[in-house]
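Note that these values count all heavy atoms, side chains included, but never hydrogens, waters or copies made by symmetry. Quick caveat: nothing in here was measured; it's all calculated off a predicted structure.
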Amino acid sequence: MNLDTLLRSVEPDQPSADFTRKVMNALPQKKTYPPIISKKVGWSIAACIAACVAYMLISNTPPATHPRHSFTLLHTDYVLVIPILVAICLVMCVDYYYTNKNGLENSRPF
Amino acid sequence: MTINDEQIYINRIRDGDAAAYSFIVEKYRNMAYTIALKMIRNPAEAEDATQESFIKAYEAIHTYKGNAKFSTWLYTIVYRTCLYILKQHKTLPIDQVQEWEDTQPPPLESSERSKYISKAISELPPTEAIVITLYYMNENSVKEISKITGLSMANVKIQLYRARKKLETKLAGLL
């Protein structure tokens, strides 16, 4: 018999019968992080943002007829809303990141 | 299990379905264990090394890009884990040659003959034993063996040639 044929006929060794079970039991459990923002709070924040935007649109904002005039908005109270919105967005992004990382689709606020 | 089925299971594992990993373990456990046994040469330690390799593979499965065969990627982990264990224990220096002490006539029955050949392969230096195992038993190409072991393709061919020569002498009774 040819050496190549002989070597191909060798069967692989077998580990113990409960090998698969042992591996499956030893698999690390993924850490689960609770969501920073719950579903209810998430919708509340979204509603608040929508309300703020609606209020800003409805209220008497001076029409910016010239590009120079648009800078006058920076001197109004509206500019204070921007950092708050940015902060909320950041918190939501962090929450989204951790939720996705752990595959917790159901715990996502949206 | 086809390659497509395998990819489906890998995607499920990536999505957090740990139970899908049992199919992967079932498919590759024998070959992974054979590689570990050929290197470590102690059944209990080889099984531990194989188990450790499967856990490492599970943890790193998101790094598997699908460029190479999954088996090549997995066996690379097995090979490196065994190398690490051997270096830590220093129980068996790499490429230490063991003497062929079997003076009994070669068996004729299929299963006994398989064991006899497997024993002859195990008597080879570990690198040669791995190369022969992957090339003949797992039908890996020289390129794939090069990826798994980190040896150059030329070196893999040399190891194959040397191992064949030794096995020709050892298994002369069966040829």
Student: For residues B/Leu37 and B/Val131: do they belong to one hydrophobic cluster (side chain heavy atoms under 4.5 Å, members Ile, Leu, Val, Met, Phe, Trp, Tyr)?
Tutor: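 No; B/Val131 is not reachable from B/Leu37 via cluster members.
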Student: Working to the nearest 0.5 Å, report the span between CG of A/Leu3 and NZ of B/Lys170.
Tutor: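 Atom-to-atom, A/Leu3:CG and B/Lys170:NZ are 12.0 Å apart.
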Student: Using only heavy-atom distances, determine whether the side chains of A/Thr20 and B/Glu26 contain a donor-acceptor pair under 3.5 Å.
Tutor: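 Checked: A/Thr20/B/Glu26 side chains pair up, N/O donor to acceptor below 3.5 Å.
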Student: Quick check: do B/Thr50 and A/Pro15 have side-chain heavy atoms less than 4.5 Å from each other?
Tutor: no
Student: Indicate the atoms forming the closest heavy-atom contact of B/Ser114 with A/Ser9, along with that distance.
Tutor: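 Of all heavy-atom pairs spanning B/Ser114 and A/Ser9, the closest is OG-O, 4.1 Å.
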Student: Pick one of side chain, backbone, both or neither for B/Glu52, based on which atoms fall under 4.5 Å of a heavy atom in chain A.
Tutor: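 The answer is neither part of B/Glu52.
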Student: Are any non-hydrogen side-chain atoms of A/Pro28 and B/Tyr58 less than 4.5 angstrom apart?
Tutor: yes
Student: Would you say CZ of B/Arg164 has more than 12 non-hydrogen atoms from neighbouring residues, nucleotides or ligands within 6.0 angstrom?
Tutor: yes
Student: Using a 4.5 Å cut-off on heavy atoms from C-beta on, say whether the side chain of B/Thr34 contacts that of A/Gln14.
Tutor: no
Student: Is A/Ile49 reachable from A/Val91 through a run of I, L, V, M, F, W or Y residues, each pair having side-chain heavy atoms under 4.5 Å apart?
Tutor: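 Looking at the clustering, A/Ile49 is in the same group as A/Val91.
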Student: Need one label for B/Ala19: side chain, backbone, both or neither, based on atoms under 4.5 Å from any heavy atom in chain A.
Tutor: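 The backbone, not the side chain.
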Student: Starting at CG of A/Leu6, measure out to CG of B/Leu167 and round the result to the nearest 0.5 Å.
Tutor: 9.0 Å
Student: Could you measure the distance from the OH atom of B/Tyr135 to the CZ atom of A/Arg8? Nearest 0.5 Å is fine.
Tutor: 6.5 Å
Student: B/Tyr75 and B/Val156: same hydrophobic cluster, using ILVMFWY side-chain contacts below 4.5 Å?
Tutor: yes
Student: Just verifying a value: how many Å separate B/Tyr21 OH and A/Leu27 CG, rounded to the nearest 0.5 Å?
Tutor: 7.0 Å
Student: Using the rule that Ile, Leu, Val, Met, Phe, Trp and Tyr join whenever any side-chain heavy atoms are under 4.5 Å apart, tell me whether B/Ile158 and B/Leu151 fall into a single cluster.
Tutor: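 In one cluster with B/Ile158: B/Leu151, no.
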Student: Show the nearest heavy-atom pair for residues A/Pro12 and B/Met31, with the distance to one decimal.
Tutor: CB-SD, 4.4 Å
Student: Which region of B/Ile132, side chain (C-beta onward) or backbone (N, CA, C, O), has a non-hydrogen atom less than 4.5 Å from a non-hydrogen atom of chain A, or is it both or neither?
Tutor: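 The side chain, not the backbone.
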Student: Can you tell me how far apart CZ (B/Arg113) and CD (A/Glu11) are? Round to the nearest 0.5 Å.
Tutor: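 Interatomic distance, B/Arg113 CZ to A/Glu11 CD, rounded to 0.5 Å: 10.5 Å.
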Student: Flag yes if B/Met137 and B/Leu134 sit in one hydrophobic cluster, no otherwise; membership is Ile, Leu, Val, Met, Phe, Trp, Tyr, and two members link when side-chain heavy atoms are under 4.5 Å apart.
Tutor: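 The answer is yes; both residues are in one hydrophobic cluster.
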Student: Could you tell me whether the side chain of A/Phe19 reaches within less than 4.5 Å of the side chain of B/Tyr33, counting heavy atoms only?
Tutor: no
Student: How long is the span from the NZ atom in A/Lys22 to the CZ atom in B/Arg29, to the nearest 0.5 Å?
Tutor: 10.0 Å
